[in-house]
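To start, the structure under review is shown below, and the notes come after it.
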Number of protein chains: 2
Amino acid sequence: MKNPVSIATENFVKTVYQFDQKKGYDTRPGSIARELGISNAAATDMARKLARKELIEYKKYKELRLTPAGRSMALAVIRKHRLWETFLHQVFGLGMHEIHREAELLEHLTSDFLADRISHFLGHPTTDPHGDPIPDPTGELPDAPGAVLLSQAPAGLKYRVSRLSGSEKEFFDFCQARGLALGTVLRVKNQFRNPRMTEVEMEGTVLLLHAGLAQTLHVRPATGPAYDPATYVNEPQP
Amino acid sequence: MKNPVSIATENFVKTVYQFDQKKGYDTRPGSIARELGISNAAATDMARKLARKELIEYKKYKELRLTPAGRSMALAVIRKHRLWETFLHQVFGLGMHEIHREAELLEHLTSDFLADRISHFLGHPTTDPHGDPIPDPTGELPDAPGAVLLSQAPAGLKYRVSRLSGSEKEFFDFCQARGLALGTVLRVKNQFRNPRMTEVEMEGTVLLLHAGLAQTLHVRPATGPAYDPATYVNEPQP
DNA sequence: ATTGTTTTTTAAGCATACTTAAATTTTATT
DNA sequence: AATAAAATTTAAGTATGCTTAAAAAACAAT
Ligand SMILES: [Mn+2]
Ligand SMILES: [Mn+2]
Ligand SMILES: [Mn+2]
Ligand SMILES: [Mn+2]
């Protein structure tokens, strides 16, 4: 009666969900295709198939939209992805650039039962090592209040880094070398246009970050105390 | 250049390997088909495809045989399966009937890299919670010297349980209730034929086990000391 | 508004992994 | 040795998930 869901379907639905959220991204077939490394034709085809299964709303030449069932599937996959990333980082000590690669696979063959066990073992974390929120078993997302892209943060104010969204080793090496980590406090000195760059200052150091990089960091206004442990239950134990 | 291996292929090759080892089993397409829950036609078809890929030697109407490449693939999958079972049992505390079900999936999307990390985390165990040996990264199997099926163990001698090969909850419930666990010492009182049954004695208790059950337990002659910790590195920590 | 570029869609085709039904071969029984 | 039963193979067909090439639509720019 209930037919199995393929890995391709899960990845597709997940990508639509994420591109729908992320500003600066759209959910047209071409964007999804580029992300998944498939042809435009394949993405259109998939969209039509998933529409038949009531996971996607598809209207020719329009952006793709998820149905409630599609959104629910996406969040379940994202939950498994982020639980695995948290686990692999904290327990096995995998590097930040390694966890995404492994989680991208494991997310698809992890039962709800096992996901709950991982969550329990980790003490029900609410964010992954990148600072991304982990959906709960019902698909609710703990929201990160006030978070913005570093590239969009108004200049002159102090912020705390709340997400590192990259997946490349080079990205994490750079962040580590420059002291950019979850919780790091910094001040945005300038937001330049043309070329778009963000100038930040942290403990004396000044960095000029190009837009591509400043878009993979999220920050929140640093109004509270210097460090709030409850907010960072996922910080890796060294 | 090197094309990806499907889950169906891995399961097929693994099953051929295991049926080739297990006495009382054969590797004809029908047997593999029954185990995997697919039609005979599908199994024949798969055998021919895998023969083209040099994973299986296929001759019409003959039993299937693995090539060295096929055997190597099977052992890599079995390694991942048993590492996951060990891990899920020891670390997450999953029950004996739950670990097989989860490992059956995870084994296919686990990189060699991750498998080695799991192995390292567990202290490089040599057997899984069922007592089955875990192949090393090169595909070498640590052999269990002198192990036989309980159903085939000559009567009159003392043995120690060395493998619990079932996957059903009922099987493990029964074993636990009767004190049958890895390392349990017992004496085979009688081997009955017609119907085939095995009578064992352990600490006063006498059990009469039908063949189906006595075939899922392996035992080794209990010559050594009562308990050899080096032999049972996989015993779950309570 | 017409033209040109980009994107999407359609069309045709291929590999994988299955199905059921019929034909063939093997195996077992009389 | 002939026949019956069981297993295997072949054949035909389906769903999935991709491809490339061509047609159609949308978008952008003069
Ligand atoms: Mn990730
Ligand atoms: Mn994935
Ligand atoms: Mn198992
Ligand atoms: Mn499997």
Side-chain angles (χ1 to χ4, degrees), chain A residues 1-16 19-20 24-65 69-70 73-74 77 104-105 107-109, chain B residues 1-16 19-20 24-65 69-70 73-74 77 104-105 107-109:
Chain A
M1 279 289 116
K2 65 152 184 298
N3 52 336
V5 175
S6 72
I7 292 175
T9 292
E10 288 192 344
N11 278 330
F12 195 92
V13 165
K14 188 180 76 157
T15 303
V16 172
F19 278 30
D20 193 32
Y25 288 74
D26 63 80
T27 60
R28 291 176 308 173
S31 308
I32 309 298
R34 196 174 324 110
E35 171 74 8
L36 295 176
I38 61 179
S39 68
N40 278 10
T44 298
D45 208 54
M46 191 63 152
R48 292 210 297 113
K49 280 185 217 153
L50 297 186
R52 275 199 293 116
K53 296 182 183 163
E54 318 243 7
L55 293 169
I56 281 185
E57 285 174 35
Y58 175 68
K59 277 187 289 202
K60 290 211 286 190
Y61 302 106
K62 292 287 192 290
E63 289 200 27
L64 306 180
R65 302 238 345 266
M73 177 182 295
V77 176
E104 197 56 54
L105 300 177
E107 62 185 1
H108 305 293
L109 292 183
Chain B
M1 280 286 116
K2 66 153 182 300
N3 53 336
V5 175
S6 72
I7 292 176
T9 293
E10 288 193 344
N11 278 330
F12 195 93
V13 164
K14 188 181 77 157
T15 303
V16 171
F19 277 29
D20 192 33
Y25 287 74
D26 63 80
T27 60
R28 291 175 311 174
S31 307
I32 309 298
R34 195 173 325 110
E35 171 74 8
L36 295 177
I38 61 179
S39 68
N40 278 10
T44 298
D45 209 54
M46 192 61 153
R48 291 210 297 115
K49 280 185 220 152
L50 298 186
R52 275 199 293 117
K53 296 181 183 164
E54 318 244 8
L55 292 169
I56 281 186
E57 285 175 35
Y58 175 68
K59 278 188 288 202
K60 291 211 286 191
Y61 301 107
K62 292 286 194 283
E63 289 200 27
L64 306 180
R65 303 238 345 266
M73 178 183 294
V77 176
E104 197 56 55
L105 300 176
E107 62 186 0
H108 304 295
L109 291 184

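A donor-acceptor contact shorter than 3.5 Å links the side chain of T15(A) to the backbone of N11(A). A donor-acceptor contact shorter than 3.5 Å is absent between the side chain of S31(B) and the backbone of T27(B).
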Checklist entry - Step by step, would you call T9(B) with M46(B) a side chain to side chain contact (heavy atoms under 4.5 Å, CB included)? => result CA-CA 8 Å; T9(B) 293; M46(B) 192 61 153; 3.5 Å; yes
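Atom CD1 of I7(A) is separated from atom P of dC18(D) by 11 Å (rounded to the nearest Å). Per the geometry, CZ belonging to R34(B) stands 13 Å off C1' belonging to dT8(D), to the nearest Å. Look at CG on D26(A): it is 12 Å from P on dC27(D), rounded to the nearest Å. The CD1-P distance, from I32(A) to dT9(C), rounds to 12 Å in whole Å. In this structure, L50(B) atom CG and dA17(C) atom C1' are separated by 11 Å, rounded to whole Å. Look at CZ on R52(B): it is 13 Å from C1' on dA17(C), rounded to the nearest Å. What separates CZ of R48(B) from C1' of dA11(D) is a distance of 11 Å, to the nearest Å. Remark: C1' of dA15(D) and CE of M46(A) are 12 Å apart, rounded to the nearest angstrom.
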Checklist outcome for this item: In B/S/- notation (B base, S sugar-phosphate only, - none; protein heavy atoms under 4.0 Å), nucleotides 19-24 of chain C written 5' to 3' is BBB--B
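A close approach under 4.0 Å does occur between a side-chain nitrogen or oxygen of K60(B) and OP1 or OP2 of dT10(D). Using a 4.0 Å cut-off, no side-chain N or O of K53(A) falls inside it from OP1 or OP2 of dA15(D).
Here dA17(C) is the nucleotide among dT9(D), dC18(D), dA17(C) with the atom lying nearest to any side-chain atom of S6(B). When distances are taken from the side chain of K49(B) to each of dT9(C), dT7(C), dT16(C), the shortest belongs to dT16(C).
Between A8(A) and K62(B), the residue anchored nearer the 5' end of DNA chain D, judged by the nucleotide with its closest heavy atom, is K62(B).
Residue-level contact check: F12(B) touches neither bases nor backbone, having no heavy atom under 4.0 Å from any strand.
G30(B) and N40(B) get closest at one heavy-atom pair: CA-OD1, 3.4 Å. The two atoms that bring I38(A) and A43(A) nearest to each other are CD1-N, 4.0 Å, heavy atoms only.
Atom CG of D45(B) and atom NZ of K49(B) lie 4.5 Å apart (nearest 0.5 Å).
With salt bridges taken as basic N to acidic carboxylate O contacts below 4.0 Å, none links K14(A) and E35(A).
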